[in-house]
Structure formats: structure tokens, C-alpha cells
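Order of listing sets the numbers, starting from 1, for every ligand and every atom in it. Below, each value reflects all heavy atoms present in this structure, side chains not excepted, and no hydrogens, waters or symmetry copies.
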Amino acid sequence: MTTTTRASSYYRTGEHPHPEFELRRLREQALMFWPKELRTFQQLGLRPDWDVLDAGSGPGFITGQLLDAVPEGTVTALELDEGLLAQARSHLGPHEGGRLRLLQGSITEAPLPGAQFDLALARLVLQHLSQPAQALTELNRLLRPGGRLVVADADDAMWGSVHPAIPGLDEVLATRRLHQAKRGGNRHVGRAVPAMMRAAGFGQITVEAVTVSSDELGMNALAGHLDVRARMSLLVKEGVIGQERIDQIQDEVDAFLADPQSSFVLLMFLYSGVKEQGERR
Ligand SMILES: C[S@@+](CC[C@H](N)C(=O)[O-])C[C@H]1O[C@@H](n2cnc3c(N)ncnc32)[C@H](O)[C@@H]1O
């Protein structure tokens, strides 16, 4: 398989055929997972005066939550895509210059001096990088000694579940996984994160699974994640899968969503580690 040398397998601004859908999906995904994510951060010792880096912050929905979580601290959002940074500025702008910094740059080569954060979060970013290990080394540099890294990401082998089955779902997920890999990403990155964290100089590694489910939140809250017509539209545009096949699978999804007995669970992993005090590199 040929891979490209793009900086990220995520959509650049202007690339997604349905950008409003994708923005809404990111917002829903951020807000529905956040209460359980926050609980994990609190268990990991989150303090109100921490200086936090949100690396690969996208449109800033998690950045806003982090600002609330550290009312006496600061949040720096670092994002590769200017357009997504502008989205973040559109709703977080009033905080900028105070406790909030919005910065354009790459997680693999951040335009920031080292040793300035208590917590660095890389949420759903590593799966988009061709050099995730380099990103973890860079995040290690940016943390203060004893500072904490949290990588929130997925692994397609443990993405969640639907009941009853949607027959074409595995096929479309496998097609998306190959497409993302061709763009330099890796939807199996989750399993590799602990080893990469150790190699980058992190210790005290923990792994927590965080779930959201239709049974807790209602099917509507999660339904956007099964909108294969919108989510896979770039794959159709690029000829990776046919519109007809997507329409068939969307019909199966619609039947699933209309069934009051259906259950849908989505899973994300929070990998955490502490920057070791000594020099490691
Ligand atoms: C799926 S979005 C997640 C956004 C946000 N972290 C969240 O959880 O909602 C992935 C984000 O990572 C950004 N990204 C990808 N590669 C990056 C890099 N090398 N440096 C900084 N940001 C990057 C993308 O532009 C995109 O905004």
C-alpha cells in the first residue's frame, strides 16, 4: 500500500464534502464523552491551576471544556489547520489573550518552549499522524518534569458495538481504515500507544476505557456516528467505495436506528503517563 507524506490523515479545511456535518459530529463526540473523560482526569489528579496543552485541538470543543476544568490555570490549543483554528476562535475568541492561547502549529514540532505544561492532551489526533512517536517525544519536551500526558484515542478492533448487527458496517469500517492508512493515519494506533509512551520517556502508564451508549444518552445522541452517507462521503468522492453500496448500508443503518430495541456503544481509550524526572534522551 502506498502512503502519502501528508502531515495528517484528518480532513483539511475545504476537503470534507459535508463540513457542517463533520463539525457537528466532532461537537457531539466531544460533549458526550467529556463527563466521563473529566472524571478520569480528576482521578489522575487534575488541579484547577494546571497549565494545559490541547494538542490537535480542532474546532476547540474540548478546549472549551478544559478551560472550565482549570479555572485558575491556562489552556493552550495547538492546531495544524488554520480553518479549524478559526472555528475555535469563533466560539472561544473572548477568552483569548487571558487564560487561553490559540496557536497554529504541529504536534510533531510545536512552536513552543519546553517544560511549560502540567497536562498535555492529544485527543483523537495520534490516529491521524504518520509519525505518532515523534509527537509523543515532542509532548514530553513540552511537559514539566512530573507532568502528565493523556492520549485519548481509538483502536478499530475495539471501537464499540451495535445490536442487532448492521450487516455492511464491518465492510465500511474496514474500507475507511484502509483509506485512512493510505493518508498516513492508523486506526489501530490505540494498541501501540503504551509502548510509544514508554519509549518517549513516560512512566506510570495507565489505560482507561471510556464508553458512551445509546442506553445512557439516547440513540439520537450517537446517531451521527452511524451516518455513513455523510461520514464516508470523501471515500465516495475519491472512488474508494461506490455511492450505491453506501446507500445500501445506510438503509441498514436506518433500519437499526428505527428499531427501539437497538443498542449502540462507542469506546475510546485514555492512555496516561507521567514525564519521568531524569533526562531520557
Ligand atoms: C479528529 S480531530 C480531533 C479534534 C479534537 N482534539 C477533538 O477531540 O475534538 C483531529 C485534529 O487533529 C488535528 N491534527 C492532525 N495532525 C496534527 C498535527 N500534526 N499537529 C496538530 N494538529 C493536528 C487535525 O487538524 C484535527 O483538528
Quiz item: With under 30° as parallel and over 60° as perpendicular, where do the rings of Phe21 and His16 fit, or are they tilted in between?
Solution: tilted
Quiz item: What is the ring orientation for Phe41 with Trp34, classed by angle as parallel under 30°, tilted 30 to 60°, or perpendicular over 60°?
Solution: tilted
For [X], state whether at least one heavy atom is located under 4.0 Å from any atom of ligand 1.
| X | answer |
| --- | --- |
| Ala152 | no |
| Phe61 | no |
| Ala30 | no |
| Leu124 | yes |

Self-check item: Asn220 atom CG: more than 12 heavy-atom contacts under 6.0 Å
Solution: no
Exercise. Determine whether more than 12 heavy atoms belonging to other residues, nucleotides or ligands lie under 6.0 Å from atom CZ of Arg144.
Key: yes
Practice problem: Report the part of Leu129 (side chain from C-beta onward, or backbone N, CA, C, O) that has a heavy atom under 4.0 Å from ligand 1; answer both or neither where that applies. | Solution: side chain
Quiz prompt | Under-4.0 Å heavy-atom contact with ligand 1, by part of Leu84 that carries it | solution = side chain
Per-atom contacts, ligand 1 versus [X] - under 4.0 Å to a heavy atom:
| X | value |
| --- | --- |
| Gly105 | 20 (N), 21 (C) |
| Ser8 | 15 (C), 16 (N) |
| Ile107 | 18 (C), 19 (N), 20 (N), 21 (C) |
| Ser57 | 5 (C) |

Self-check item: Full working for side chain to side chain donor-acceptor pair (under 3.5 Å) between Gln248 and Arg245
Solution: CA-CA 5 Å; Gln248 286 166 355; Arg245 183 65 187 128; 2.7 Å; yes
Quiz item: Any luck finding a side-chain donor-acceptor pair between Ser213 and Thr211 under 3.5 Å?
Solution: no
Quiz item: Taking NZ, NE, NH1 and NH2 as the nitrogens, is one of them in Asp118 or Arg148 under 4.0 Å from a carboxylate oxygen of the other?
Solution: no
Quiz item: Is Arg183 paired with Glu15 through a side-chain N to carboxylate O contact shorter than 4.0 Å?
Solution: yes
Practice problem: Measure from atom 8 (O) of ligand 1 to every heavy atom in Arg123, Gln87, Met268 and give the option owning the shortest one. | Solution: Arg123
Exercise. Find out if a path of hydrophobic residues (ILVMFWY) with successive side-chain heavy-atom gaps under 4.5 Å connects Leu92 to Trp50.
Key: yes
Backbone or side chain, does any N or O of [X] fall under 3.5 Å from an N or O of ligand 1?
| X | value |
| --- | --- |
| Glu79 | yes |
| Ser106 | yes |
| Leu78 | no |

